[in-house]
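Down below is the structure, laid out as structure tokens.
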Amino acid sequence: MTVSTFAQSLDAAVRADPSRPLVTFYDDATGERVELSVVTYANWVSKTAGLLQDELDLDRGGLLLVDLPPHWLGAVWLGGAWTAGLAVTTDTALAGEADLVVCGPSGVDHYAASADERPVVALSLRPLGGRFVDALPRGVLDYSAVVLGQPDSFLAYDPPGADDVAWRGVDGVLTQSGLLSGAAADPATPVGGRLLTDVNPCSPTGVRALTSALSGGGGVVWVANPDPGSWERRYDEERATAQLRTALPS
């Protein structure tokens with residue numbers, strides 16, 4: 001079968017090697033570490049896609065604005081959106097066009113002001129995907145409070161195709177097939193290797209890191225708030241084969 005969508009690529013990875021570590025996340029500010037195998041990542045993606053389709057009533061072709069710092073749930077939301085057939089953008093200038101906004105704690109008050117116009121889903125970014133401790137403003141949905149109740153498998157009512165837009169950025173758009181072909185032509189994550197990086201998953205480079213890891217049999221180790229003193233040690237401990245940093249330590 002020709003693989004031309006993200007969902008097909010994820011399904012192929014699950015069949016090939018479900019236990020392979022795909023997404024690993026560190027937050028050096030909190031000491032958090034999370035690791036998702038291919039099958040565990042696929043489960044989170046299915047639940048998120050189910051939330052989008054069945055709870056939030058979003059249709060294939062809709063636009064999702066993601067405003068998140070580097071975090072493992074950013075990679076999950078990318079997969080959930082693409083599996084449900086949505087286009088993703090991080091361009092806040094497109095907020096007025098978005099059918100849904102996903103934000104972290106720092107964006108809650110800002111986006112709550114427009115929650116009557118479009119759904120707003122907030123992520124606490126607490127360890128293990130915990131819920132918000134305090135009540136959220138009216139109209140803002142706590143992702144962690146609702147996602148785990150979604151089914152473990154997802155069936156799209158209107159499955160996305162190869163030509164559906166998957167990414168809208170300031171430099172243009174990428175289709176579902178463009179995600180995969182771009183990752184194959186210029187993989188950020190080496191084939192069969194592990195990339196250590198502090199780039200945001202929800203960025204053009206982060207997208208390429210995720211999709212090339214998925215299709216190329218590799219994995220990505222994402223680090224938020226990186227401690228420069230632990231970078232080389234972590235590179236060795238995680239058996240990384242490549243690294244990509246947003247800024248070199250002084």
Side-chain angles (χ1 to χ4, degrees), residues 9-10 13 17-42 44-45 66-80 88 90-92 102-107 123-130 143-144 167 169-171 179 182-250:
S9 181
L10 180 54
D17 190 0
S19 62
R20 164 170 57 94
L22 177 65
V23 173
T24 305
F25 174 74
Y26 287 90
D27 187 339
D28 284 350
T30 65
E32 179 183 8
R33 182 184 186 274
V34 172
E35 183 165 274
L36 305 181
S37 65
V38 173
V39 71
T40 303
Y41 174 76
W44 276 94
V45 165
V66 178
D67 189 353
L68 293 172
H71 198 271
W72 64 274
L73 282 171
V76 167
W77 269 93
L78 290 176
V88 178
T90 57
D91 185 356
T92 56
V102 174
C103 67
S106 65
L123 282 61
S124 73
L125 306 182
R126 295 176 60 216
L128 303 178
Y143 172 71
S144 296
W167 179 266
V170 295
D171 296 328
L179 285 176
D186 184 20
T189 302
V191 174
R194 283 172 67 75
L195 175 70
L196 177 67
T197 185
D198 62 350
V199 303
N200 195 323
C202 299
S203 68
T205 302
V207 165
R208 194 158 45 86
L210 174 63
T211 52
S212 58
L214 183 65
S215 60
V220 186
V221 182
W222 268 292
V223 184
N225 306 303
D227 174 9
S230 65
W231 188 269
E232 294 303 325
R233 172 178 53 81
R234 182 164 293 136
Y235 184 92
D236 294 335
E237 290 177 348
E238 289 292 340
R239 299 181 181 179
T241 59
Q243 58 182 307
L244 181 60
R245 305 185 70 170
T246 57
L248 295 176
S250 59

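Side-chain contact between V223 and W231 is present, with heavy atoms from C-beta onward closer than 4.5 Å. Looking at W222 and P201, their side chains come closer than 4.5 Å, going by heavy atoms from C-beta outward.
S212 places a side-chain N or O within 3.5 Å of a backbone atom of T189 that can act as its donor or acceptor partner. With hydrogens and angles disregarded, a donor-acceptor distance shorter than 3.5 Å links the side chain of S124 to the backbone of G130. Here the side chain of R245 pairs no donor or acceptor atom with the backbone of D198 at under 3.5 angstrom. Proximity of a side-chain donor or acceptor of D28 to a complementary backbone N or O of D227 within less than 3.5 Å is detected.
Contact record, T40 with S37: OG1-OG, 3.0 Å, taken as the closest heavy-atom pair. Considering every non-hydrogen atom in both A213 and V220, the closest pair reads CB-CG2, 3.7 Å. Closest non-hydrogen pair, E32 versus P127, comes out as OE2-CA, 3.4 Å. Summarising the geometry of Y41 relative to V23, their closest heavy-atom pair is CD1-CG2, 4.1 Å, with the distance given to 0.1 Å. Nearest heavy-atom pair across A188 and P190 is O-CD, 3.7 Å. The minimum heavy-atom distance linking A29 with N225 is given by the pair CB-ND2, 3.6 Å.
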Query raised in the report: How far apart are the C-alpha atoms of V199 and L244, what are their side-chain angles, what is the distance that settles it, and do they pass the side chain to side chain contact (heavy atoms under 4.5 Å, CB included) test?
Result: CA-CA 7 Å; V199 303; L244 181 60; 4.1 Å; yes

Query raised in the report: So L78 and W167, side chain to side chain contact (heavy atoms under 4.5 Å, CB included) or not? Walk me through it.
Result: CA-CA 9 Å; L78 290 176; W167 179 266; 4.2 Å; yes

Report task. Test L36 against L22 for side chain to side chain contact (heavy atoms under 4.5 Å, CB included), laying out the working first. Result -> CA-CA 6 Å; L36 305 181; L22 177 65; 5.8 Å; no

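Surrounding CZ of R239 are at most 12 heavy atoms belonging to other residues, nucleotides or ligands under 6.0 Å away.
From T241, atom OG1 reaches atom CG of L196 across 10.0 Å, with rounding to the nearest 0.5 Å. Taking CG from L125 and CG from D27, the interatomic distance works out to 9.0 Å, rounded to the nearest 0.5 Å.
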Side-chain atoms of residues 66-75: list all donor-acceptor pairs with protein atoms under 3.5 Å, sequence neighbours left out, distances to 0.1 Å.
| from | atom 1 | to | atom 2 | distance (Å) |
| --- | --- | --- | --- | --- |
| D67 | OD2 | Y111 | OH | 2.7 |
| H71 | ND1 | L73 | N | 3.1 |

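Applying the salt bridge (Lys or Arg N to Asp or Glu O under 4.0 Å) test to pairs two or more places apart or on separate chains, those with a residue in residues 185-196 are D186-R208, R194-E238.
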